[in-house]
Chemist: 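First, the structure itself, so that you have it in front of you.
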Amino acid sequence: MRTFATDERLAYRRAGNELQPRPSEDHVLSYEYRLMQLPLARPDHPEVVPYDVKAGYDWMGTYRAPRISLVGFVDFGAFAQSPQFNRFMNAVAMTAAARKIAWDIVERRKYRHHFTICNGLHERMPAQDIVPFVKQRLEGFPRFRIQVKGGWFWGKKNGRMYFPVYPELTDGPQPVDHLTAVQMRLEHALHPGFYIGCLQLTDHLRFNSELDVHEANELFSVLQRFRETVIVELEVNELTILRTHDDLILKSRALERVPLAG
């Protein structure tokens with residue numbers, strides 16, 4: 001019987017902004033989101049932050065120097081065939097907030113959905129050493145399964161909805177989830193949580209505006225309703241070393257696909 005990591009093990013409930021804000025508050029897009037992702041989702045928004053060189057964003061959500069990470073891509077076909085995923089997306093589309101979601105980005109990213117395991121590999125070693133290092137360290141690492149649950153907002157990028165990922169646990173007396181085991185093999189900083197970005201907001205959600213009074217309430221209600229729903233369960237049989245110039249990986253390419261052992 002397969003066992004998957006829990007919220008407690010992955011610290012999702014501490015990291016996420018899954019509870020509906022108080023009715024007196026708006027859901028305001030953060031500076032980080034308006035710098036990192038809003039320029040890609042809605043470049044004409046008046047509150048877009050076009051650049052912040054100190055933060056590493058050179059122009060409209062992109063960075064000149066590429067960043068290299070180890071990620072796991074997910075099969076969009078499996079999502080599209082999932083009744084739970086379609087129910088979730090339809091429920092979001094029926095909310096008043098749907099007009100503030102970048103649906104065109106959903107289409108552009110449907111084959112780019114992924115979860116990041118080890119980011120910043122380019123900061124640890126020369127770029128030419130990354131592929132052989134990762135392949136050597138992951139030699140013989142077994143395939144495993146993940147469960148993906150309903151979307152939520154998370155952390156400083158609070159204009160983006162994520163699907164949290166629950167990896168299968170390893171066998172043995174002291175099991176860890178397989179994604180943490182990958183981080184350990186690569187001697188990467190451990191972080192308890194893995195996410196698939198799914199939807200981007202194009203504007204703030206308002207509680208106090210007369211026209212927008214229902215939009216945040218409706219959207220957060222949908223997120224709460226699907227919070228414990230398994231959207232899809234997938235086998236992970238390869239990981240990818242990815243080079244990108246933006247956080248939505250719209251300008252990116254796979255440097256190497258690393259197959260896992262059968």
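All values below were derived from every heavy atom in this structure, side-chain atoms included, with hydrogens, water molecules and symmetry-related copies excluded. Position 1 is the first residue of the sequence, and the numbers go up from there. Treat the numbers as computed from the prediction; the structure is a model and nothing was measured.
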Chemist: What pair of heavy atoms forms the shortest contact from P167 to L10, and how long is it?
Modeler: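 Shortest heavy-atom contact: CD-CD1, 3.9 Å.
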Chemist: Determine whether more than 12 heavy atoms belonging to other residues, nucleotides or ligands lie under 6.0 Å from atom CE of M184.
Modeler: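 No, the 6.0 Å shell around CE holds no more than 12 heavy atoms from other groups.
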Chemist: Find the distance between CZ (R185) and OG1 (T180) and round it off to the nearest 0.5 Å.
Modeler: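 Nearest 0.5 Å value for the CZ-OG1 distance: 13.5 Å.
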Chemist: Go through V134 and L121 one step at a time and tell me if the side chain to side chain contact (heavy atoms under 4.5 Å, CB included) criterion holds.
Modeler: CA-CA 10 Å; V134 173; L121 293 176; 4.2 Å; yes
Chemist: Does H188 offer a backbone N or O that forms a donor-acceptor pair with the side chain of Q183 under 3.5 Å?
Modeler: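 No.
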Chemist: With rounding to the nearest 0.5 Å, note down the distance linking CG in L223 to CH2 in W152.
Modeler: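 Output value for this atom pair is 11.0 Å.
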Chemist: Let me check something: do M89 and I101 share a hydrophobic cluster, defined by ILVMFWY side-chain heavy atoms less than 4.5 Å apart, either directly or through other members?
Modeler: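 Linked within one cluster.
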Chemist: Do W103 side-chain atoms and A98 backbone N/O form a donor-acceptor pair below 3.5 Å?
Modeler: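 Judged by distance alone, yes, a pair lies under 3.5 Å.
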Chemist: Classify the ring geometry of H45 against H204: parallel below 30°, tilted from 30° to 60°, perpendicular beyond 60°.
Modeler: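 H45 vs H204 ring planes: perpendicular.
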Chemist: Check for a donor-acceptor pair, side chain of S82 on one end and backbone N or O of F85 on the other, with a separation under 3.5 Å.
Modeler: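 Yes; at least one donor-acceptor contact below 3.5 Å.
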Chemist: Restricting to non-hydrogen atoms, name the atom on V131 and the atom on I241 that form the minimum distance, rounded to 0.1 Å.
Modeler: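 Taking every non-hydrogen atom into account, CA-CD1, 3.7 Å.
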Chemist: Given the rule that I, L, V, M, F, W and Y join up when any side-chain heavy atoms are under 4.5 Å apart, are L29 and Y162 in one cluster?
Modeler: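 Both belong to a single hydrophobic cluster.
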Chemist: Can a salt bridge be assigned to the pair D7 and R227 using a cut-off of 4.0 Å between side-chain N and carboxylate O?
Modeler: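 Salt bridge flag = yes for R227 with D7.
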Chemist: Whether the side chain of R34 engages the backbone of E47 through a donor-acceptor N/O pair (distance < 3.5 Å, no angle test) should be reported.
Modeler: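 Yes.
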Chemist: Tell me whether L169 shares a hydrophobic cluster with V182, the cluster being built from Ile, Leu, Val, Met, Phe, Trp, Tyr side chains joined at under 4.5 Å.
Modeler: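 No, because L169 and V182 fall into different hydrophobic clusters, even though each may have its own neighbours under 4.5 Å.
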Chemist: Just wondering, do P66 and H122 contact through their side chains at under 4.5 Å, heavy atoms?
Modeler: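 Not in contact.
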Chemist: Taking atom types as modelled, is there a side-chain donor on D247 or Y63 under 3.5 Å from an acceptor on the other?
Modeler: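 There is such a pair (donor and acceptor under 3.5 Å, judged by atom type) between the side chains of D247 and Y63.
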Chemist: Within the structure provided, determine whether Q200 and L40 are in side-chain contact (heavy-atom separation under 4.5 Å).
Modeler: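 Sidechains of L40 and Q200: no contact.
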Chemist: Out of curiosity, E123 CD to S69 OG, how far, rounded to the nearest 0.5 Å?
Modeler: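 Those atoms lie 9.0 Å apart.
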Chemist: Any side-chain heavy-atom pair from H113 and F163 closer than 4.5 angstrom?
Modeler: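 They are not in contact (no side-chain heavy atoms under 4.5 Å apart), so the answer is no.
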Chemist: Using a cut-off of 6.0 Å, state whether more than 12 heavy atoms not belonging to E139 lie near its atom CD.
Modeler: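 Count not over threshold, so no.
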Chemist: Give the intermediate values and the outcome of side chain to side chain contact (heavy atoms under 4.5 Å, CB included) for residues H114 and I249.
Modeler: CA-CA 10 Å; H114 68 284; I249 70 167; 3.5 Å; yes
Chemist: If you look at every heavy atom in F73 and R257, which pair is closest and at what distance?
Modeler: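 Closest approach of F73 to R257: CD1-NH1, 4.2 Å.
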Chemist: Would you find more than 12 non-hydrogen atoms of other residues, nucleotides or ligands less than 6.0 Å from R143 atom CZ?
Modeler: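 Atom CZ in R143 is crowded, with more than 12 foreign heavy atoms closer than 6.0 Å.
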Chemist: For the pair Y33 (side chain) and L201 (backbone), establish whether a donor and an acceptor sit closer than 3.5 Å, ignoring hydrogens and angles.
Modeler: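 Yes: the side chain of Y33 pairs with the backbone of L201.
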Chemist: Can any side-chain N or O of R112 pair as donor or acceptor with the backbone N or O of R108 at less than 3.5 Å?
Modeler: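 Yes, the answer is positive, given that a donor and an acceptor are paired below the 3.5 Å cut-off.
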Chemist: Which pair of non-hydrogen atoms, one from V106 and one from C198, has the smallest distance, and what is that distance?
Modeler: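 Answer, listing the atom of V106 first, then C198: CG2-O, 4.0 Å.
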Chemist: Applying salt bridge (charged side-chain N to carboxylate O under 4.0 Å, His left out), name anything that partners K110, two or more places apart in sequence or on another chain.
Modeler: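 Once residues adjacent in sequence are excluded, the partners of K110 under the salt bridge (charged side-chain N to carboxylate O under 4.0 Å, His left out) criterion are E107.
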Chemist: When you compare the side chain of R160 with that of L248, does any pair of heavy atoms fall below 4.5 Å?
Modeler: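 Yes, at least one pair of side-chain atoms sits under 4.5 Å.
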Chemist: Is any side-chain heavy atom of V230 less than 4.5 Å from a side-chain heavy atom of Y166?
Modeler: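 Side chain of V230 against side chain of Y166, heavy atoms only: no contact under 4.5 Å found.
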Chemist: Please name all residues satisfying salt bridge (charged side-chain N to carboxylate O under 4.0 Å, His left out) with D44, sequence neighbours left out, ordered by chain then number.
Modeler: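 Residues passing salt bridge (charged side-chain N to carboxylate O under 4.0 Å, His left out) with D44: R42.
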Chemist: For R64, does its backbone N or O pair with a side-chain atom of D58 as donor and acceptor, under 3.5 Å?
Modeler: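 Side chain of D58 to backbone of R64, a donor-acceptor pair under 3.5 Å: yes, one is there.
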Chemist: Spell out, yes or no, whether L35 and L250 are grouped together once hydrophobic residues are joined by side-chain heavy atoms under 4.5 Å, including indirect joins.
Modeler: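 Different clusters: L35 never reaches L250 through Ile, Leu, Val, Met, Phe, Trp or Tyr contacts under 4.5 Å.
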Chemist: Starting at CG of L186, measure out to CD1 of I117 and round the result to the nearest 0.5 Å.
Modeler: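 Here the interatomic distance stands at 9.0 Å.
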Chemist: Could you tell me if the side chain of Y31 sits less than 4.5 Å from the side chain of D52, heavy atoms only?
Modeler: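 In contact.
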Chemist: Classify the ring geometry between F76 and F79 as parallel (under 30°), tilted (30 to 60°) or perpendicular (over 60°).
Modeler: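 Plane angle under 30°, so parallel.
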Chemist: Does G150 offer a backbone N or O that forms a donor-acceptor pair with the side chain of T229 under 3.5 Å?
Modeler: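 Judged by distance alone, no pair lies under 3.5 Å.
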Chemist: For F226 and Q84, what are the C-alpha separation, side-chain angles and deciding distance, and is it a side chain to side chain contact (heavy atoms under 4.5 Å, CB included)?
Modeler: CA-CA 9 Å; F226 283 87; Q84 294 85 354; 5.7 Å; no
Chemist: Go through it in stages, so that I can follow the logic: the residues are F115 and Y195, the test is side chain to side chain contact (heavy atoms under 4.5 Å, CB included), and I'd like the CA-CA distance, side-chain angles, deciding distance and then a yes or no.
Modeler: CA-CA 5 Å; F115 51 89; Y195 310 86; over 6 Å; no
Chemist: Can you tell me how far the CZ atom of R2 sits from the CG atom of D171, to the nearest 0.5 Å?
Modeler: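 CG of D171 is found 10.0 Å from CZ of R2.
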Chemist: Does any part of the side chain of F144, heavy atoms only, come nearer than 4.5 Å to the side chain of T170, both counted from C-beta?
Modeler: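 Counting from C-beta outward, T170 and F144 never come under 4.5 Å.
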Chemist: Please report the shortest heavy-atom distance between A5 and D177, naming the atom on each side.
Modeler: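 Nearest heavy atoms, A5 then D177: CB-CB, 4.1 Å.
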Chemist: How close do V232 and A78 get, heavy atom to heavy atom, and via which atoms?
Modeler: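 So the minimum-distance heavy-atom pair works out to CG2-O, 4.0 Å.
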Chemist: How long is the straight-line distance from CD1 of I68 back to CD1 of I130, given to the nearest 0.5 Å?
Modeler: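 Nearest 0.5 Å value for the CD1-CD1 distance: 3.5 Å.
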Chemist: Are F141 and V258 side-chain neighbours, meaning at least one heavy-atom pair lies under 4.5 Å?
Modeler: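 Not in contact.
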Chemist: Would you say V74 ends up clustered with I105 if hydrophobic residues are merged whenever their side chains have heavy atoms under 4.5 Å apart, either directly or through other cluster members?
Modeler: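 The answer is no; the residues belong to distinct hydrophobic clusters.
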Chemist: Applying side chain to side chain donor-acceptor pair (under 3.5 Å) to T244 and R67, what does each step give before you reach the verdict?
Modeler: CA-CA 5 Å; T244 185; R67 302 177 185 180; over 6 Å; no
Chemist: Should we count CZ of F133 as having more than 12 external heavy atoms under 6.0 Å?
Modeler: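 Correct, the count exceeds 12.
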